[in-house]
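See below for the structure under consideration.
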Amino acid sequence: MSTIALFGGSGRTGERVLERLLEKGHRVTLLTRQSLGSNEEIDEILGDATNRDAVFETVRSADVVISALGTDKQNVLSTFTPLVIEAMKQFNVTRIITVGTAGILQAHDSDNYRFETKESKRTMTTAAEDHARAYELLRDSGLAFTVICPTQLIDEQSTGEIIVSKEVLGTKHSGPISRDDVADLVMACLTDDDYVGHRVGITTES
């Protein structure tokens with residue numbers, strides 16, 4: 001089993017990823033602001049994802065990096081992503097899987113991001129812009145990256161057909177997607193190289 005550096009593992013999507021990693025027997029190095037309690041399969045690093053030393057310590061012994069970090073109005077992803085790329089290159093870690101947003105997929109009818117077009121249903125673009133900067137840094141990093149790009153995340157189970165697609169959203173009539181389905185796709189990407197080097201949309205047909 002692998003050692004996974006996990007960022008955002010205490011969030012609503014990240015906690016589902018963490019649960020699955022432990023179920024599969026992986027060892028997890030988790031960067032967290034607050035301790036989640038004792039678990040012999042988790043090595044906790046207390047700190048912040050925008051702190052260079054904390055990011056480097058989390059990545060140091062990893063085989064793979066997974067990030068389910070969300071964004072905020074402080075551009076956390078734009079700060080975190082250069083740090084994690086630098087750390088990965090220093091410690092010879094090549095594989096990273098992140099959870100982004102469907103807004104940074106390519107639009108169906110242009111070369112723009114979805115959030116720059118009428119395809120996106122969101123009026124505020126601050127979060128999508130941060131995700132886009134993170135994606136561009138990963139795209140240009142030379143690392144084996146995958147950015148999973150879900151539509152609206154829900155805690156309940158998905159209803160309808162789940163559609164997974166590279167680079168563009170697989171339907172123009174997208175619905176919400178369960179965090180559990182996103183976590184399952186993260187796990188699939190650990191063993192399936194088909195999505196390396198791609199943005200991967202995941203949604204349901206509405």
Electrostatic pair Asp184:Arg16 at N-O distance under 4.0 angstrom:
no

- Message: Any side-chain to backbone donor/acceptor pair from Thr151 onto Gly175? Under 3.5 Å, distance only.
- Response: yes

- Task: Say whether, by atom type as modelled, one donor and one acceptor occur between the side chain of Asn51 and the main chain of Ala54 under 3.5 angstrom.
- Result: yes

Check your understanding: Got Ile177 and Ile162 here, is their nearest side-chain heavy-atom distance under 4.5 Å?
Key -> yes

Quick check: do Asp180 and Gln157 have side-chain heavy atoms less than 4.5 Å from each other? yes

Closest heavy-atom pair, Gly70 versus Val76, reported as atoms and distance to 0.1 Å, is O-CG1, 3.2 Å

In short, Ser158 meets Ser178 closest at the heavy-atom pair OG-N, 2.8 Å

Note to self: I'd like to know if the side chain of Lys172 reaches the main chain of Glu119, judged simply by a donor and an acceptor atom lying under 3.5 Å from each other, with no hydrogens or angles considered.
What the structure shows: no

Practice item. Go through the steps to decide whether Thr98 and Ser67 satisfy the test side-chain hydrogen bond (donor to acceptor under 3.5 Å, both in side chains), and finish with yes or no. Key: CA-CA 5 Å; Thr98 70; Ser67 173; over 6 Å; no

Heavy-atom donor-acceptor pair, Arg139 side chain to Ala134 backbone, under 3.5 Å: no

Do any N or O atoms from the side chain of Lys89 and from the backbone of Ser141 form a donor-acceptor pair under 3.5 angstrom?
yes

I want to check something: taking the side chain as every heavy atom from C-beta on, are Arg60 and Thr29 in contact at a cut-off of under 4.5 Å?
no

Next item on the list: Using the ring of Phe56 (Phe, Tyr or Trp, six-membered ring only), decide whether Arg52 places NZ or CZ under 6.0 Å from its centre and within 45 degrees of its axis.
Entry: yes

Before accepting this row, confirm whether a basic side-chain N of the pair Arg133/Glu136 lies closer than 4.0 Å to the acidic partner's carboxylate O. no

Heavy atoms of Ile104 and Val147 approach each other most closely as CD1-CG1, 4.0 Å

Report task. Mark yes when over 12 heavy atoms from residues, nucleotides or ligands other than Lys24 sit less than 6.0 Å from its NZ; otherwise mark no. Result -> no

Handout entry: 4.5 Å side-chain heavy-atom contact, Leu36 and Glu44
Key = yes

Does a donor on one side chain sit under 3.5 Å from an acceptor on the other, for Arg179 and Thr13? yes

Q) Run the side-chain contact (heavy atoms from CB on, under 4.5 Å) check on Val64 and Ile96 step by step: do they pass? A) CA-CA 6 Å; Val64 178; Ile96 179 169; over 6 Å; no

Flag the pair Phe7 / Thr58 as yes when at least one side-chain heavy-atom distance between them is below 4.5 Å, and no otherwise. yes

Answer yes when Asp109 and Lys118 have at least one side-chain N-carboxylate O distance shorter than 4.0 Å, and no when they do not.
-> no

Given the rule in the side-chain hydrogen bond (donor to acceptor under 3.5 Å, both in side chains) test, do Asn112 and Thr117 qualify, once you have shown the distances and angles that lead to the verdict?
CA-CA 7 Å; Asn112 294 328; Thr117 73; over 6 Å; no

Can you tell me if Asp130 uses its side chain to pair, donor with acceptor, with the backbone of Ser78 under 3.5 Å? yes

*Hey, does Leu77 have a side-chain heavy atom less than 4.5 Å from the side chain of His131?*
yes

In the structure I gave you, are the side-chain heavy atoms of Ile4 and Asp63 within less than 4.5 Å of one another anywhere?
no

Is there a donor-acceptor pair under 3.5 Å between the side chain of His198 and the backbone N or O of Ser165?
no

Gly14 and Ala68 have their tightest heavy-atom pair at CA-CB, 3.7 Å

Problem - Backbone N/O of Tyr113 and side chain of Glu116: donor-acceptor pair under 3.5 Å - result: yes

(message) Do Leu143 and Val59 sit in one hydrophobic cluster, given that two such residues count as connected whenever their side-chain heavy atoms are within less than 4.5 Å of each other, even indirectly?
(response) yes

Taken to the nearest 0.5 Å, the spacing of Thr146 OG1 from Ile148 CD1 works out to 7.0 Å

Self-check item: Pair Thr50, Thr79: side-chain N/O donor-acceptor within cut-off below 3.5 Å
Solution: no

On a heavy-atom basis, the closest approach of Thr171 and His108 is O-CE1, 3.7 Å

> Does Arg114 reach the main-chain N or O of Gln106 with its side chain, forming a donor-acceptor pair under 3.5 Å?
Replying inline: no

Is it true that a side-chain atom of His26 and a backbone atom of Ser2 form a donor plus acceptor pair closer than 3.5 Å?
-> yes

pair Ile66-Val186: side-chain heavy atoms closer than 4.5 Å
yes

